[in-house]
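So you know, we letter chains A, B, ... as the sequences are listed, proteins then strands, and number each from 1.
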Amino acid sequence: MRIATYNINGVNRRLENLLSWLEVVRPDVVCLQELKAETSAFPIEAIEAVGYGAVWQGQRSWNGVAILARGATPVLTRRALPSDRYDEQARYIEAAVNGILFASLYAPNGNPRPGPKFDYKLAWMKRLIDHAGGLVAAGVPVVLAGDYNIVPTDDDIYPGHREADNALLQPESRVTFERLLSQGWGDSLRAVYPQGPLWTFWGYLRHRWRDDKGMRLDHLLLSPSLQPRLAAAGVSREARAAEGASDHAPVWIELAPVRKAPAATSGPSRSRSTARSRGRKRPMTERARR
DNA sequence: ATGACTATATTCTATAGA
């Protein structure tokens, strides 16, 4: 199952970029952010025409989130975070597809700092953490996908940057991301690529794309039960390189199918995988202790 | 300190983004 998150930066302005990317990558589920369109202006007919169903929450001018599913309509579970007093800001939508719960979230930017926008960023993240904690406690399989507007570590921004005042890098911002992970969520891109550049955003200003000076802002967090199924991950840089592209690239993961319990009549394929697991090295923690 | 770039609404200018 291929899952992607994509800050599209205007779903109507970039509809052709979105459709051509969908037709090439064919993800099973896509979480979109920054629709920049009212709910009534979401291009559902064009999206259905390439084989996707969708749920979405729009807003005039800014924000806006959606969840797309190939060959299915996601089952909506909520259109905002609980106790969200800022419902006019369309930043969260949640829906189930094939037994997995998906959230598409667009966290506040928070600049300039200090100020009310930074306060709102931290307050919104606290509401996300409260809700996410409930999802982990419930034990359901969940993917929290979206633009978190947080650079988690110094390894997630181009070297030599001068962004020290940026709300996306502040310790208070990073702590909220760490609190999420400490609930048990797995940062899937870093699970596959533990170190090194993994940019998902390159600003339009100052030739950031040409110079490959990016940041990692878009994250796919997996609930504990899904983490063993993580098979591959990547950033669709070709979409950022395209004409008229969003300033974000799509980020994707591949989840392996659920392994079925061995049936009594299982054939030769089972013995092969058993042999492979027998030859596996001992876990890192065990080796490290010696 | 400012603007550079790209978007939408407030539209020959302002606001937001990151």
| remark: The answer to which of Ala245(A) and Leu217(A) contacts DNA chain B further toward the 5' end, by nearest nucleotide, is Ala245(A)
| said: Using atom P in both nucleotides, what's the gap between dC12(B) and dA1(B) to the nearest angstrom? | reply: 31 Å
| If we only count heavy atoms from C-beta on, is the Asp218(A) to Asp147(A) side-chain gap below 4.5 Å? | yes
| task | Could you work out the separation of dA4(B) and dT10(B) based on their P atoms and round it to a whole Å? | result | 24 Å
| What is the nucleic acid contact for Arg208(A), judged by heavy atoms within less than 4.0 Å: base, sugar-phosphate only, or nothing? | nothing
| request: Rounded off to whole Å, could you give me the NE2-to-C1' distance for the His161(A) and dA18(B) pair? | output: 13 Å
| Which value, rounded to the nearest 0.5 Å, describes the distance between Glu94(A) atom CD and Leu101(A) atom CG? | 4.5 Å
| Transitive ILVMFWY cluster of Val75(A), excluding itself - 4.5 Å side-chain cut-off | none
| task | Would you check if Tyr106(A) and Asn7(A) make a side-chain contact, meaning some heavy-atom pair closer than 4.5 Å? | result | yes
| query | What's the NE2-P distance between His207(A) and dT6(B), to the nearest Å? | reply | 10 Å
| task | For dT11(B) versus dT6(B), give the span between their C1' atoms, rounded off to a whole number of Å. | result | 16 Å
| query | Does any non-hydrogen side-chain atom of Leu181(A) lie less than 4.5 Å from one of Leu221(A)? | reply | yes
| Considering only heavy atoms, which members of residues 6-18 of chain A lie under 4.0 Å from some atom of DNA chain B? | Asn7(A), Arg13(A), Arg14(A)
| Nearest-0.5 Å distance that lies between atom CG in Leu220(A) and atom CG in Leu230(A) | 9.5 Å
| Whole angstrom value for the distance that separates P of dT11(B) from CZ of Arg60(A) | 11 Å
| Is the shortest distance from a Lys or Arg side-chain nitrogen in Asp156(A) or Arg190(A) to a carboxylate oxygen in the other one below 4.0 Å? | yes
| query | Nearest-Å distance, CH2 (Trp199(A)) to P (dA18(B))? | reply | 17 Å
| task | Check side chain to side chain contact (heavy atoms under 4.5 Å, CB included) between Ile44(A) and all other residues, then give those that pass, not counting sequence neighbours. | result | Phe42(A), Glu48(A), Ala54(A), Trp56(A)
| Sequence neighbours excluded, which residues qualify as side-chain hydrogen bond (donor to acceptor under 3.5 Å, both in side chains) partners of Asn63(A)? | Gln59(A), Arg91(A)
| field | Gap between atoms CZ and P, on Arg210(A) and dC5(B) respectively (whole Å) | value | 11 Å
| Is there a donor-acceptor contact under 3.5 Å linking the side chains of Lys36(A) and Asn9(A)? | yes
| said: I'd like to know if Arg60(A) pairs up with Glu38(A) as an ion pair, taking the criterion as any Lys NZ or Arg NE/NH1/NH2 lying under 4.0 Å from an Asp or Glu carboxylate oxygen. | reply: no
Where do N or O atoms of nucleotides 13-17 of chain B meet protein N or O atoms at under 3.5 Å, pair by pair?
residue : atom : partner   : partner atom : Å
dG17(B) : OP2  : Lys117(A) : NZ           : 3.4

| note | Lys213(A) atom NZ is separated from dA4(B) atom C1', nearest whole Å, by 14 Å
| remark: Every stem of 3 or more Watson-Crick or G-U pairs under 3.5 Å that DNA chain B joins, in order of first number, is B:5-9 with B:13-17
